[in-house]
**Student:** 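Let me give you the structure first, and then I'll get to my questions.
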Amino acid sequence: MISVILINMRSPIRFEITHVCAQSGARTGILHTPHGDVETPMFMPVGTQATVKFLSPEELYALGAGVVLANTYHLWLQPGEDIVDKAGGVQKFMNYKGPMLTDSGGFQVFSLADARKISEEGVLFKNPKNGDRLFLSPEKSIQIQNAIGADIIMSFDECIPYPAEYAYAKASMERTLRWAERGKNAHQKPETQALFGIVQGGDYADLRHYSAEKLVEIGFDGYAIGGTSVGEDKETMVRMVRESAELLPYDKPRYLMGVGAVNDLLEAVSLNIDMCDCVLPTRLARHGTLMTSEGRISIDKQKYSEDFGPLDPACDCYTCRNYSRAYLRHLARAKEGFGTRLLSIHNVRFLIRLMEDARQAIKEDRFLDFKNETLASMGFDQRGF
RNA sequence: GGAGAGGUAGCGAAGUGGCUAAACGCGGCAGACUGUAAAUCUGCUCCCUCUGGGUUCGGCGGUUCGAAACCGUCCCUCUCCA
(Lines give C-alpha, C1' and ligand atoms only; values in the text may rest on other atoms or scores of the structure.)
Protein backbone atom coordinates (compact mmCIF):
# COMPACT_ATOMS: atom_id res chain seq x y z
CA MET A 1 0.00 0.00 0.00
CA ILE A 2 2.73 2.42 0.96
CA SER A 3 4.74 1.59 -2.13
CA VAL A 4 1.72 2.26 -4.33
CA ILE A 5 1.33 5.66 -2.73
CA LEU A 6 5.01 6.38 -3.26
CA ILE A 7 4.81 5.42 -6.90
CA ASN A 8 1.72 7.54 -7.35
CA MET A 9 3.45 10.47 -5.72
CA ARG A 10 6.57 10.21 -7.78
CA SER A 11 6.86 13.07 -10.22
CA PRO A 12 7.64 12.28 -13.85
CA ILE A 13 10.20 15.05 -13.73
CA ARG A 14 13.03 15.64 -11.29
CA PHE A 15 14.70 18.96 -10.68
CA GLU A 16 18.27 19.03 -9.52
CA ILE A 17 19.96 22.27 -8.50
CA THR A 18 23.60 22.11 -9.57
CA HIS A 19 25.04 25.46 -8.53
CA VAL A 20 24.11 28.69 -6.80
CA CYS A 21 25.99 31.81 -7.89
CA ALA A 22 27.90 33.28 -4.96
CA GLN A 23 27.68 36.74 -6.50
CA SER A 24 23.96 36.85 -7.31
CA GLY A 25 22.16 33.90 -5.77
CA ALA A 26 20.99 32.81 -9.22
CA ARG A 27 20.97 29.07 -9.76
CA THR A 28 21.67 26.45 -12.37
CA GLY A 29 19.97 23.11 -12.48
CA ILE A 30 19.05 20.07 -14.49
CA LEU A 31 15.48 19.21 -15.26
CA HIS A 32 15.15 15.46 -15.80
CA THR A 33 12.16 14.65 -18.03
CA PRO A 34 10.81 11.54 -19.76
CA HIS A 35 12.27 12.92 -22.99
CA GLY A 36 15.70 13.80 -21.68
CA ASP A 37 17.56 16.13 -19.37
CA VAL A 38 17.77 19.86 -19.92
CA GLU A 39 19.86 22.45 -18.15
CA THR A 40 18.33 25.45 -16.45
CA PRO A 41 17.82 28.33 -16.55
CA MET A 42 16.58 27.82 -20.08
CA PHE A 43 14.66 29.46 -22.84
CA MET A 44 11.87 27.43 -24.45
CA PRO A 45 10.77 28.20 -28.02
CA VAL A 46 7.04 28.15 -28.72
CA GLY A 47 5.48 25.84 -31.27
CA THR A 48 1.82 26.63 -30.79
CA GLN A 49 0.49 24.52 -33.65
CA ALA A 50 2.92 21.66 -33.05
CA THR A 51 5.62 23.48 -34.98
CA VAL A 52 7.97 26.28 -34.12
CA LYS A 53 7.08 28.45 -37.07
CA PHE A 54 9.54 27.94 -39.94
CA LEU A 55 11.89 25.66 -37.97
CA SER A 56 12.33 21.92 -38.39
CA PRO A 57 13.07 19.67 -35.42
CA GLU A 58 16.59 19.16 -36.78
CA GLU A 59 17.10 22.89 -36.74
CA LEU A 60 15.81 23.06 -33.18
CA TYR A 61 18.32 20.43 -32.05
CA ALA A 62 21.09 22.35 -33.78
CA LEU A 63 20.05 25.47 -31.89
CA GLY A 64 20.38 23.65 -28.62
CA ALA A 65 16.66 23.77 -27.92
CA GLY A 66 15.46 21.71 -24.98
CA VAL A 67 11.83 22.01 -24.02
CA VAL A 68 9.49 23.15 -26.79
CA LEU A 69 5.96 24.39 -26.17
CA ALA A 70 2.72 23.51 -27.89
CA ASN A 71 -0.75 24.81 -27.21
CA THR A 72 -3.86 23.10 -25.90
CA TYR A 73 -6.40 25.48 -27.37
CA HIS A 74 -4.95 25.45 -30.87
CA LEU A 75 -4.37 21.71 -31.10
CA TRP A 76 -7.82 21.07 -29.65
CA LEU A 77 -9.36 23.08 -32.50
CA GLN A 78 -7.01 21.71 -35.12
CA PRO A 79 -6.35 18.87 -35.78
CA GLY A 80 -8.04 17.74 -32.55
CA GLU A 81 -6.31 16.12 -29.57
CA ASP A 82 -7.60 12.66 -30.55
CA ILE A 83 -5.51 12.76 -33.71
CA VAL A 84 -2.41 13.80 -31.79
CA ASP A 85 -3.14 10.98 -29.36
CA LYS A 86 -3.52 8.44 -32.18
CA ALA A 87 -0.22 9.68 -33.64
CA GLY A 88 1.39 8.58 -30.39
CA GLY A 89 1.56 11.97 -28.73
CA VAL A 90 2.74 15.36 -29.80
CA GLN A 91 6.43 14.43 -29.90
CA LYS A 92 5.85 11.63 -32.38
CA PHE A 93 3.28 13.68 -34.25
CA MET A 94 5.71 16.53 -34.95
CA ASN A 95 8.87 14.43 -34.81
CA TYR A 96 10.47 16.37 -31.98
CA LYS A 97 12.50 14.09 -29.75
CA GLY A 98 13.13 16.45 -26.85
CA PRO A 99 10.88 17.36 -23.93
CA MET A 100 7.70 19.27 -24.53
CA LEU A 101 5.28 21.38 -22.55
CA THR A 102 1.74 22.39 -23.39
CA ASP A 103 0.14 25.61 -22.30
CA SER A 104 -3.37 25.04 -21.03
CA GLY A 105 -5.33 27.55 -23.09
CA GLY A 106 -5.16 30.02 -20.22
CA PHE A 107 -3.31 32.55 -22.34
CA GLN A 108 -6.15 32.43 -24.89
CA VAL A 109 -8.48 33.60 -22.13
CA PHE A 110 -6.38 36.77 -22.34
CA SER A 111 -5.48 36.97 -26.02
CA LEU A 112 -8.96 36.07 -27.28
CA ALA A 113 -10.71 38.25 -24.71
CA ASP A 114 -13.05 39.67 -27.33
CA ALA A 115 -14.48 36.26 -28.09
CA ARG A 116 -14.95 34.48 -24.81
CA LYS A 117 -17.02 34.39 -21.64
CA ILE A 118 -15.70 33.26 -18.26
CA SER A 119 -17.76 31.42 -15.67
CA GLU A 120 -16.92 29.36 -12.61
CA GLU A 121 -17.25 26.25 -14.71
CA GLY A 122 -14.80 27.38 -17.39
CA VAL A 123 -14.50 29.55 -20.46
CA LEU A 124 -16.82 29.65 -23.44
CA PHE A 125 -14.82 30.61 -26.51
CA LYS A 126 -16.20 31.67 -29.84
CA ASN A 127 -13.92 30.33 -32.55
CA PRO A 128 -12.72 33.48 -34.31
CA LYS A 129 -12.41 31.58 -37.57
CA ASN A 130 -15.90 30.13 -37.89
CA GLY A 131 -17.95 31.27 -34.90
CA ASP A 132 -18.13 27.80 -33.30
CA ARG A 133 -18.84 27.86 -29.57
CA LEU A 134 -16.17 25.98 -27.66
CA PHE A 135 -16.21 25.33 -23.95
CA LEU A 136 -12.92 24.83 -22.16
CA SER A 137 -12.96 23.86 -18.50
CA PRO A 138 -10.02 23.02 -16.24
CA GLU A 139 -10.92 19.33 -16.54
CA LYS A 140 -11.27 19.55 -20.31
CA SER A 141 -7.94 21.34 -20.63
CA ILE A 142 -6.17 18.62 -18.64
CA GLN A 143 -7.96 15.91 -20.59
CA ILE A 144 -6.81 17.46 -23.86
CA GLN A 145 -3.28 17.82 -22.52
CA ASN A 146 -3.32 14.18 -21.42
CA ALA A 147 -4.16 13.27 -25.01
CA ILE A 148 -1.55 15.58 -26.50
CA GLY A 149 0.98 13.95 -24.23
CA ALA A 150 3.62 16.57 -23.43
CA ASP A 151 6.08 15.95 -20.58
CA ILE A 152 4.85 19.00 -18.70
CA ILE A 153 1.27 20.23 -18.73
CA MET A 154 -0.17 23.39 -17.26
CA SER A 155 -3.15 24.16 -15.09
CA PHE A 156 -5.95 25.99 -16.81
CA ASP A 157 -5.82 29.57 -15.56
CA GLU A 158 -7.04 33.00 -16.39
CA CYS A 159 -4.31 35.36 -17.55
CA ILE A 160 -5.74 38.76 -16.62
CA PRO A 161 -4.83 42.02 -18.32
CA TYR A 162 -2.89 44.89 -16.76
CA PRO A 163 -4.00 47.04 -15.17
CA ALA A 164 -6.73 45.14 -13.33
CA GLU A 165 -8.87 46.21 -10.40
CA TYR A 166 -7.97 44.59 -7.11
CA ALA A 167 -11.40 43.02 -6.72
CA TYR A 168 -11.23 41.46 -10.16
CA ALA A 169 -7.64 40.29 -9.77
CA LYS A 170 -8.59 38.66 -6.44
CA ALA A 171 -11.74 36.98 -7.71
CA SER A 172 -9.95 35.74 -10.83
CA MET A 173 -6.95 34.46 -8.88
CA GLU A 174 -9.18 32.58 -6.45
CA ARG A 175 -11.09 31.03 -9.33
CA THR A 176 -7.80 30.07 -10.97
CA LEU A 177 -6.86 28.32 -7.70
CA ARG A 178 -10.11 26.35 -7.78
CA TRP A 179 -9.44 25.51 -11.42
CA ALA A 180 -5.93 24.38 -10.50
CA GLU A 181 -7.30 21.95 -7.93
CA ARG A 182 -9.99 20.69 -10.30
CA GLY A 183 -7.38 20.20 -12.99
CA LYS A 184 -5.11 18.29 -10.68
CA ASN A 185 -7.97 16.00 -9.68
CA ALA A 186 -8.76 15.39 -13.35
CA HIS A 187 -5.17 14.56 -14.28
CA GLN A 188 -5.09 11.01 -15.66
CA LYS A 189 -1.35 10.60 -16.26
CA PRO A 190 0.49 11.94 -13.22
CA GLU A 191 3.17 9.27 -13.63
CA THR A 192 4.18 10.40 -17.10
CA GLN A 193 3.13 14.05 -17.32
CA ALA A 194 4.20 16.63 -14.78
CA LEU A 195 1.56 19.20 -13.86
CA PHE A 196 2.45 22.80 -13.04
CA GLY A 197 0.29 25.28 -11.15
CA ILE A 198 0.23 28.94 -12.16
CA VAL A 199 0.54 31.87 -9.77
CA GLN A 200 -1.78 34.76 -10.60
CA GLY A 201 -2.97 37.85 -8.75
CA GLY A 202 -2.25 40.80 -11.00
CA ASP A 203 0.29 43.22 -9.59
CA TYR A 204 -0.96 42.87 -6.01
CA ALA A 205 1.61 41.46 -3.61
CA ASP A 206 -0.88 39.91 -1.16
CA LEU A 207 -2.72 38.19 -4.00
CA ARG A 208 0.50 36.84 -5.49
CA HIS A 209 1.55 35.54 -2.08
CA TYR A 210 -1.81 33.96 -1.41
CA SER A 211 -1.89 32.37 -4.84
CA ALA A 212 1.57 30.87 -4.42
CA GLU A 213 0.85 29.55 -0.94
CA LYS A 214 -2.40 27.89 -1.94
CA LEU A 215 -0.89 26.32 -5.03
CA VAL A 216 1.85 24.82 -2.89
CA GLU A 217 -0.79 23.43 -0.55
CA ILE A 218 -2.48 21.73 -3.48
CA GLY A 219 0.91 20.49 -4.59
CA PHE A 220 2.37 20.55 -8.10
CA ASP A 221 5.44 19.21 -9.86
CA GLY A 222 6.54 22.75 -10.61
CA TYR A 223 5.22 26.29 -10.38
CA ALA A 224 4.67 28.88 -13.04
CA ILE A 225 4.23 32.60 -12.81
CA GLY A 226 1.55 33.87 -15.12
CA GLY A 227 -0.06 37.17 -15.92
CA THR A 228 3.13 39.05 -16.70
CA SER A 229 4.21 40.73 -19.96
CA VAL A 230 0.67 41.84 -20.59
CA GLY A 231 1.44 45.52 -20.93
CA GLU A 232 2.84 46.43 -17.51
CA ASP A 233 6.07 48.39 -17.14
CA LYS A 234 9.36 46.65 -16.38
CA GLU A 235 9.51 47.60 -12.73
CA THR A 236 6.02 46.27 -12.15
CA MET A 237 6.84 43.06 -13.94
CA VAL A 238 9.96 42.48 -11.88
CA ARG A 239 7.97 43.11 -8.72
CA MET A 240 5.20 40.73 -9.81
CA VAL A 241 7.74 38.00 -10.49
CA ARG A 242 9.54 38.51 -7.20
CA GLU A 243 6.32 38.52 -5.20
CA SER A 244 5.11 35.42 -6.97
CA ALA A 245 8.35 33.53 -6.53
CA GLU A 246 9.32 34.32 -2.96
CA LEU A 247 6.89 31.86 -1.38
CA LEU A 248 7.45 29.03 -3.82
CA PRO A 249 9.43 25.97 -2.70
CA TYR A 250 13.07 26.51 -3.52
CA ASP A 251 13.64 23.02 -4.84
CA LYS A 252 10.89 22.98 -7.45
CA PRO A 253 11.29 24.31 -10.99
CA ARG A 254 9.94 27.81 -11.55
CA TYR A 255 8.59 28.80 -14.89
CA LEU A 256 8.00 32.43 -15.87
CA MET A 257 5.44 32.31 -18.64
CA GLY A 258 5.66 34.40 -21.79
CA VAL A 259 8.91 36.21 -21.17
CA GLY A 260 11.55 36.50 -23.85
CA ALA A 261 12.99 40.00 -24.06
CA VAL A 262 16.70 39.91 -23.21
CA ASN A 263 16.48 42.23 -20.22
CA ASP A 264 13.45 40.38 -18.88
CA LEU A 265 15.18 37.03 -19.18
CA LEU A 266 18.23 38.23 -17.29
CA GLU A 267 15.99 39.72 -14.63
CA ALA A 268 14.12 36.43 -14.40
CA VAL A 269 17.34 34.48 -13.92
CA SER A 270 18.29 36.87 -11.11
CA LEU A 271 14.99 36.00 -9.45
CA ASN A 272 15.70 32.27 -9.56
CA ILE A 273 13.46 31.53 -12.51
CA ASP A 274 14.44 28.28 -14.21
CA MET A 275 12.29 28.26 -17.32
CA CYS A 276 11.00 30.92 -19.69
CA ASP A 277 9.15 30.66 -22.97
CA CYS A 278 8.28 33.28 -25.52
CA VAL A 279 7.05 33.74 -29.07
CA LEU A 280 9.13 36.91 -29.30
CA PRO A 281 12.21 35.54 -31.11
CA THR A 282 10.18 33.80 -33.80
CA ARG A 283 7.67 36.59 -34.20
CA LEU A 284 10.35 39.28 -34.37
CA ALA A 285 12.19 37.20 -36.94
CA ARG A 286 9.11 36.98 -39.14
CA HIS A 287 8.83 40.74 -38.88
CA GLY A 288 12.47 41.34 -39.79
CA THR A 289 13.76 42.31 -36.33
CA LEU A 290 16.84 40.60 -34.97
CA MET A 291 18.17 40.36 -31.46
CA THR A 292 21.91 40.95 -31.52
CA SER A 293 24.75 41.42 -29.07
CA GLU A 294 24.39 45.14 -29.72
CA GLY A 295 20.63 45.33 -29.39
CA ARG A 296 17.77 44.88 -31.83
CA ILE A 297 18.17 45.70 -35.50
CA SER A 298 15.72 45.79 -38.39
CA ILE A 299 17.34 43.89 -41.20
CA ASP A 300 15.26 45.49 -43.96
CA LYS A 301 16.92 48.91 -43.61
CA GLN A 302 18.64 50.51 -46.56
CA LYS A 303 21.90 50.73 -44.61
CA TYR A 304 22.31 46.96 -44.80
CA SER A 305 21.91 46.74 -48.57
CA GLU A 306 25.66 46.44 -49.12
CA ASP A 307 26.64 45.13 -45.71
CA PHE A 308 28.29 41.82 -46.47
CA GLY A 309 29.27 41.09 -42.90
CA PRO A 310 27.44 38.70 -40.59
CA LEU A 311 24.22 39.59 -38.83
CA ASP A 312 25.94 39.38 -35.44
CA PRO A 313 29.68 38.73 -35.48
CA ALA A 314 29.44 37.49 -31.90
CA CYS A 315 26.85 34.83 -32.77
CA ASP A 316 27.60 31.18 -33.49
CA CYS A 317 24.35 30.34 -35.29
CA TYR A 318 24.06 28.84 -38.76
CA THR A 319 22.73 32.11 -40.15
CA CYS A 320 25.53 34.26 -38.76
CA ARG A 321 28.18 31.79 -39.83
CA ASN A 322 26.99 31.58 -43.44
CA TYR A 323 25.00 34.60 -44.58
CA SER A 324 25.49 38.34 -44.87
CA ARG A 325 23.28 41.16 -43.71
CA ALA A 326 22.87 42.22 -47.34
CA TYR A 327 21.59 38.78 -48.32
CA LEU A 328 19.26 38.56 -45.31
CA ARG A 329 17.95 42.02 -46.10
CA HIS A 330 17.34 40.97 -49.67
CA LEU A 331 15.45 37.85 -48.60
CA ALA A 332 13.41 39.80 -46.07
CA ARG A 333 12.37 42.41 -48.63
CA ALA A 334 11.64 39.76 -51.21
CA LYS A 335 9.52 38.03 -48.58
CA GLU A 336 11.26 34.73 -49.13
CA GLY A 337 10.46 31.99 -46.64
CA PHE A 338 14.08 30.94 -46.47
CA GLY A 339 14.93 34.37 -45.11
CA THR A 340 12.30 34.01 -42.41
CA ARG A 341 13.81 30.67 -41.51
CA LEU A 342 17.33 32.07 -41.30
CA LEU A 343 16.19 34.95 -39.13
CA SER A 344 14.18 32.63 -36.88
CA ILE A 345 17.21 30.39 -36.48
CA HIS A 346 19.25 33.37 -35.37
CA ASN A 347 16.78 34.83 -32.89
CA VAL A 348 16.00 31.51 -31.23
CA ARG A 349 19.66 30.59 -31.06
CA PHE A 350 20.39 34.03 -29.66
CA LEU A 351 18.14 33.50 -26.65
CA ILE A 352 19.20 29.91 -26.12
CA ARG A 353 22.81 31.01 -26.13
CA LEU A 354 22.01 33.92 -23.82
CA MET A 355 20.82 31.34 -21.32
CA GLU A 356 23.82 29.10 -21.95
CA ASP A 357 26.06 32.06 -21.19
CA ALA A 358 23.98 32.90 -18.14
CA ARG A 359 24.42 29.35 -16.82
CA GLN A 360 28.14 29.55 -17.40
CA ALA A 361 28.31 32.85 -15.55
CA ILE A 362 26.34 31.42 -12.63
CA LYS A 363 28.68 28.46 -12.44
CA GLU A 364 31.59 30.88 -12.34
CA ASP A 365 29.89 32.97 -9.62
CA ARG A 366 29.80 36.10 -11.79
CA PHE A 367 26.23 36.30 -12.99
CA LEU A 368 25.75 39.88 -11.82
CA ASP A 369 28.74 41.01 -13.87
CA PHE A 370 27.51 39.04 -16.84
CA LYS A 371 24.07 40.56 -16.59
CA ASN A 372 25.36 44.12 -16.34
CA GLU A 373 27.82 43.70 -19.18
CA THR A 374 25.23 42.10 -21.42
CA LEU A 375 22.64 44.79 -20.77
CA ALA A 376 25.19 47.56 -21.31
CA SER A 377 26.31 46.12 -24.65
CA MET A 378 22.71 45.97 -25.84
CA GLY A 379 21.91 49.54 -24.95
CA PHE A 380 19.85 48.94 -21.81
CA ASP A 381 20.47 51.12 -18.77
CA GLN A 382 21.87 49.90 -15.44
CA ARG A 383 18.54 48.62 -14.21
CA GLY A 384 17.82 46.76 -17.43
CA PHE A 385 15.21 49.13 -18.82
C1' G B 1 -3.37 57.16 -94.40
C1' G B 2 -8.19 55.45 -91.71
C1' A B 3 -10.94 53.84 -87.11
C1' G B 4 -10.89 53.39 -81.97
C1' A B 5 -8.93 53.57 -76.84
C1' G B 6 -6.09 56.26 -73.57
C1' G B 7 -2.52 59.87 -71.05
C1' U B 8 -4.07 61.12 -62.80
C1' A B 9 1.15 61.62 -57.36
C1' G B 10 7.59 56.64 -57.58
C1' C B 11 4.37 52.53 -60.10
C1' G B 12 -0.63 50.47 -60.95
C1' A B 13 -5.43 52.39 -60.70
C1' A B 14 -10.30 55.10 -59.03
C1' G B 15 -12.47 59.72 -59.82
C1' U B 16 -15.76 62.59 -65.19
C1' G B 17 -18.21 70.25 -62.63
C1' G B 18 -17.80 72.17 -55.98
C1' C B 19 -17.80 67.30 -50.22
C1' U B 20 -10.54 66.27 -54.30
C1' A B 21 -4.04 67.54 -52.33
C1' A B 22 -7.07 63.58 -55.17
C1' A B 23 -10.07 56.65 -53.02
C1' C B 24 -7.58 51.97 -53.15
C1' G B 25 -3.37 48.70 -54.04
C1' C B 26 1.95 48.25 -54.65
C1' G B 27 6.53 50.34 -53.59
C1' G B 28 9.21 53.56 -49.95
C1' C B 29 9.98 55.52 -44.77
C1' A B 30 9.19 55.07 -39.46
C1' G B 31 7.39 52.35 -35.32
C1' A B 32 5.29 48.22 -32.61
C1' C B 33 5.64 43.08 -31.36
C1' U B 34 6.82 39.08 -24.57
C1' G B 35 2.35 31.38 -22.00
C1' U B 36 1.15 33.08 -31.20
C1' A B 37 -6.37 34.67 -34.46
C1' A B 38 0.45 37.81 -35.94
C1' A B 39 5.28 35.82 -42.83
C1' U B 40 1.17 40.67 -38.65
C1' C B 41 -0.36 45.48 -37.16
C1' U B 42 -0.03 51.05 -36.84
C1' G B 43 1.43 55.85 -38.77
C1' C B 44 3.62 58.73 -42.74
C1' U B 45 4.53 58.98 -48.09
C1' C B 46 3.52 66.60 -53.89
C1' C B 47 6.47 71.13 -51.77
C1' C B 48 7.20 74.75 -47.71
C1' U B 49 9.01 78.85 -42.72
C1' C B 50 3.37 73.02 -41.84
C1' U B 51 -3.02 73.37 -36.24
C1' G B 52 -1.17 77.41 -41.91
C1' G B 53 0.37 78.31 -46.96
C1' G B 54 1.92 77.05 -52.10
C1' U B 55 1.75 74.44 -56.62
C1' U B 56 -0.87 69.68 -59.10
C1' C B 57 -4.13 65.27 -62.59
C1' G B 58 0.31 65.22 -70.85
C1' G B 59 1.09 70.88 -73.04
C1' C B 60 -1.35 75.35 -74.30
C1' G B 61 -5.82 78.14 -74.70
C1' G B 62 -11.02 78.49 -73.47
C1' U B 63 -16.19 77.82 -70.88
C1' U B 64 -17.68 78.53 -65.62
C1' C B 65 -18.63 81.81 -59.42
C1' G B 66 -15.77 77.11 -59.46
C1' A B 67 -12.34 72.22 -63.79
C1' A B 68 -8.45 66.34 -62.91
C1' A B 69 -13.51 66.31 -64.75
C1' C B 70 -16.73 70.37 -70.16
C1' C B 71 -14.83 72.66 -75.17
C1' G B 72 -10.73 73.66 -78.80
C1' U B 73 -5.95 72.58 -80.21
C1' C B 74 -1.22 70.36 -80.02
C1' C B 75 2.04 66.34 -78.27
C1' C B 76 2.53 61.27 -76.88
C1' U B 77 1.06 55.85 -76.13
C1' C B 78 -1.67 51.47 -77.44
C1' U B 79 -5.12 48.37 -80.58
C1' C B 80 -7.31 47.32 -85.22
C1' C B 81 -7.83 48.35 -90.57
C1' A B 82 -5.09 49.83 -95.09
Side-chain angles (χ1 to χ4, degrees), chain A residues 43-55 67-75 77-78 100-116 125-132 134 141 145 150 152-160 162 176 196-200 223-234 237 240-241 255-265 267-268 273 275-291 296-303 305 331-344 347 351:
Chain A
F43 175 76
M44 310 183 287
V46 181
T48 303
Q49 308 255 30
T51 174
V52 178
K53 295 185 192 300
F54 286 89
L55 300 181
V67 177
V68 167
L69 263 70
N71 183 277
T72 301
Y73 176 86
H74 292 277
L75 295 179
L77 266 59
Q78 189 178 55
M100 290 192 67
L101 179 156
T102 42
D103 185 33
S104 61
F107 185 70
Q108 279 61 48
V109 181
F110 166 78
S111 64
L112 303 177
D114 294 337
R116 113 270 107 143
F125 287 97
K126 192 171 179 182
N127 186 335
K129 287 174 181 165
N130 59 20
D132 282 358
L134 306 151
S141 173
Q145 294 187 79
I152 299 171
I153 65 177
M154 302 301 299
S155 290
F156 186 57
D157 66 330
E158 180 192 358
C159 176
I160 63 169
Y162 176 89
T176 286
F196 280 30
I198 305 174
V199 180
Q200 290 290 352
Y223 296 89
I225 296 163
T228 69
S229 358
V230 289
E232 76 281 8
D233 56 82
K234 298 292 177 198
M237 191 187 99
M240 285 161 80
V241 174
Y255 164 27
L256 176 57
M257 308 185 78
V259 161
V262 170
N263 51 342
D264 295 340
L265 287 171
E267 210 57 61
I273 296 299
M275 312 156 68
C276 287
D277 77 288
C278 200
V279 305
L280 199 58
T282 47
R283 180 177 291 167
L284 287 182
R286 268 175 277 128
H287 299 171
T289 300
L290 289 314
M291 297 168 164
R296 290 187 193 177
I297 67 170
S298 296
I299 196 63
D300 60 354
K301 301 299 179 201
Q302 164 74 31
K303 61 181 170 182
S305 62
L331 292 182
R333 293 174 81 100
K335 295 180 169 38
E336 284 291 341
F338 182 53
T340 303
R341 221 169 98 204
L342 290 174
L343 300 183
S344 298
N347 271 355
L351 291 189

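Only this structure's heavy atoms are used, side chains among them; waters, hydrogens and symmetry mates stay out. In the text below, chain A, chain B and the rest are named by the order of the sequence lines, each starting its count at 1.
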**Student:** Assuming nearest nucleotide by heavy-atom distance, tell me which of A/R333 and A/S155 is located more 5' along RNA chain B.
**Tutor:**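 On the 5' side of the pair lies A/R333.
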**Student:** Is the shortest side-chain heavy-atom distance between A/M154 and A/L101 below 4.5 Å?
**Tutor:**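 The answer is yes; the side chains approach within 4.5 Å.
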**Student:** Could you go step by step and tell me if A/Y73 and A/F107 meet the ring-ring contact (aromatic ring centres under 6.0 Å, His included) rule?
**Tutor:** CA-CA 9 Å; A/Y73 176 86; A/F107 185 70; over 10 Å; no
**Student:** Using OP1 and OP2 only, check whether a side-chain N or O of A/T48 sits under 4.0 Å from B/rU36.
**Tutor:**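 It does, given that an N or O in the side chain of A/T48 lies less than 4.0 Å from OP1 or OP2 of B/rU36.
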**Student:** Compute whether any side-chain donor of one residue and acceptor of the other, for A/T102 and A/Q145, lie under 3.5 angstrom apart.
**Tutor:**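 Side-chain D/A pair, A/T102 to A/Q145: present.
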**Student:** Starting the side chain at C-beta, find the nucleotide from B/rG35, B/rC33, B/rU36 nearest to A/K53.
**Tutor:**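 Selected nucleotide (nearest to the side chain): B/rU36.
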**Student:** Closest to the A/D103 side chain: B/rA37, B/rU36, B/rC33?
**Tutor:**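 Ranking B/rA37, B/rU36, B/rC33 by closest atom to the A/D103 side chain puts B/rU36 first.
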**Student:** Is there a Watson-Crick or G-U wobble partner for B/rC46 with both distances under 3.5 Å, and if so, which one is it?
**Tutor:**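 Base partner found: B/rG54.
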**Student:** Work out how far the C1' atom of B/rC33 is from that of B/rU40, and round it to whole angstrom.
**Tutor:**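 Result for the C1' pair: 9 Å, nearest Å.
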**Student:** If we take the P atom in both B/rU73 and B/rC11, what is their distance in whole Å?
**Tutor:**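 Rounded to whole Å, the distance is 29 Å.
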**Student:** For B/rU40 and A/K335 - does any side-chain N or O of the residue sit under 4.0 Å from the phosphate oxygens OP1/OP2?
**Tutor:**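 A/K335 to B/rU40 OP1/OP2: no side-chain N or O under 4.0 Å.
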**Student:** On a whole-Å scale, what distance lies between the C1' atoms belonging to B/rA23 and B/rA68?
**Tutor:**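 The answer is 14 Å between these two C1' atoms.
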**Student:** Given the P atoms of B/rC70 and B/rC57, what is the spacing between them in whole Å?
**Tutor:**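 Pairwise P distance, B/rC70 against B/rC57, rounds to 14 Å.
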**Student:** Less than 4.0 angstrom from a charged side-chain N to a carboxylate O is my criterion; do A/D132 and A/K126 meet it?
**Tutor:**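 No, no charged N to carboxylate O under 4.0 Å.
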**Student:** Ring-on-base stacking between A/H287 and B/rU40, under 5.5 Å between centres and under 30° between planes: is it there?
**Tutor:**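 Here A/H287 meets both the 5.5 Å and the 30° conditions.
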**Student:** Regarding A/L284, tell me which of base, sugar-phosphate or nothing describes its non-hydrogen contacts under 4.0 Å with the strands shown.
**Tutor:**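 Counting heavy atoms under 4.0 Å across all strands, the contact made by A/L284 includes a base.
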**Student:** Can you check the distance between B/rU63 and B/rC46, where both ends of the measurement are the C1' atom (answer in whole Å)?
**Tutor:**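 These two C1' atoms come out 28 Å apart once rounded.
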**Student:** May I ask you to evaluate whether A/S111 reaches the phosphate of B/rA37, defined as a side-chain N or O under 4.0 Å from OP1 or OP2?
**Tutor:**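 Checking A/S111 against B/rA37: at least one side-chain N or O falls below 4.0 Å of OP1 or OP2.
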**Student:** Which nucleotide sits closest to the side chain of A/K301: B/rG35, B/rG31, B/rU36?
**Tutor:**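 My answer, after comparing the listed nucleotides, is B/rG31.
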**Student:** Heavy atoms under 4.0 Å, any strand shown: does A/G339 hit a base, just sugar-phosphate, or nothing?
**Tutor:**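 No contact.
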**Student:** Between A/Q108 and B/rG35, does any side-chain N or O lie under 4.0 Å from OP1 or OP2?
**Tutor:**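 Answer no for this pair, as no side-chain N or O of A/Q108 is under 4.0 Å from OP1 or OP2.
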**Student:** Which base, if any, makes a Watson-Crick or G-U wobble pair with B/rU63, both distances under 3.5 Å?
**Tutor:**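 The answer is none; no pair meets the criterion.
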**Student:** At under 4.0 Å between heavy atoms, what does A/I198 touch on the DNA or RNA strands: base, sugar-phosphate, or nothing?
**Tutor:**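 Base, at least one base heavy atom under 4.0 Å.
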**Student:** For B/rG18 versus B/rC71, give the span between their P atoms, rounded off to a whole number of Å.
**Tutor:**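 After rounding to an integer number of Å, I get 16 Å for this pair.
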**Student:** A/S298 or A/Q200: which one's nearest nucleotide on RNA chain B is closer to the 5' end?
**Tutor:**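 This one resolves to A/S298.
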**Student:** Under 4.0 Å, heavy atoms only, any strand: does A/T228 hit a base, just the sugar-phosphate, or nothing?
**Tutor:**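 If one applies the 4.0 Å heavy-atom cut-off, A/T228 turns out to touch nothing in the nucleic acid.
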**Student:** Under the 3.5 Å rule, do the base of B/rA38 and the side chain of A/R286 count as making a donor-acceptor pair?
**Tutor:**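 Not at all, since no donor on one side and acceptor on the other fall under 3.5 Å apart.
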**Student:** Mark yes or no for a side-chain to base donor-acceptor pair under 3.5 Å between A/N71 and B/rG35, with no hydrogen or angle criteria applied.
**Tutor:**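 No, the side chain and the base share no sub-3.5 Å donor-acceptor pair.
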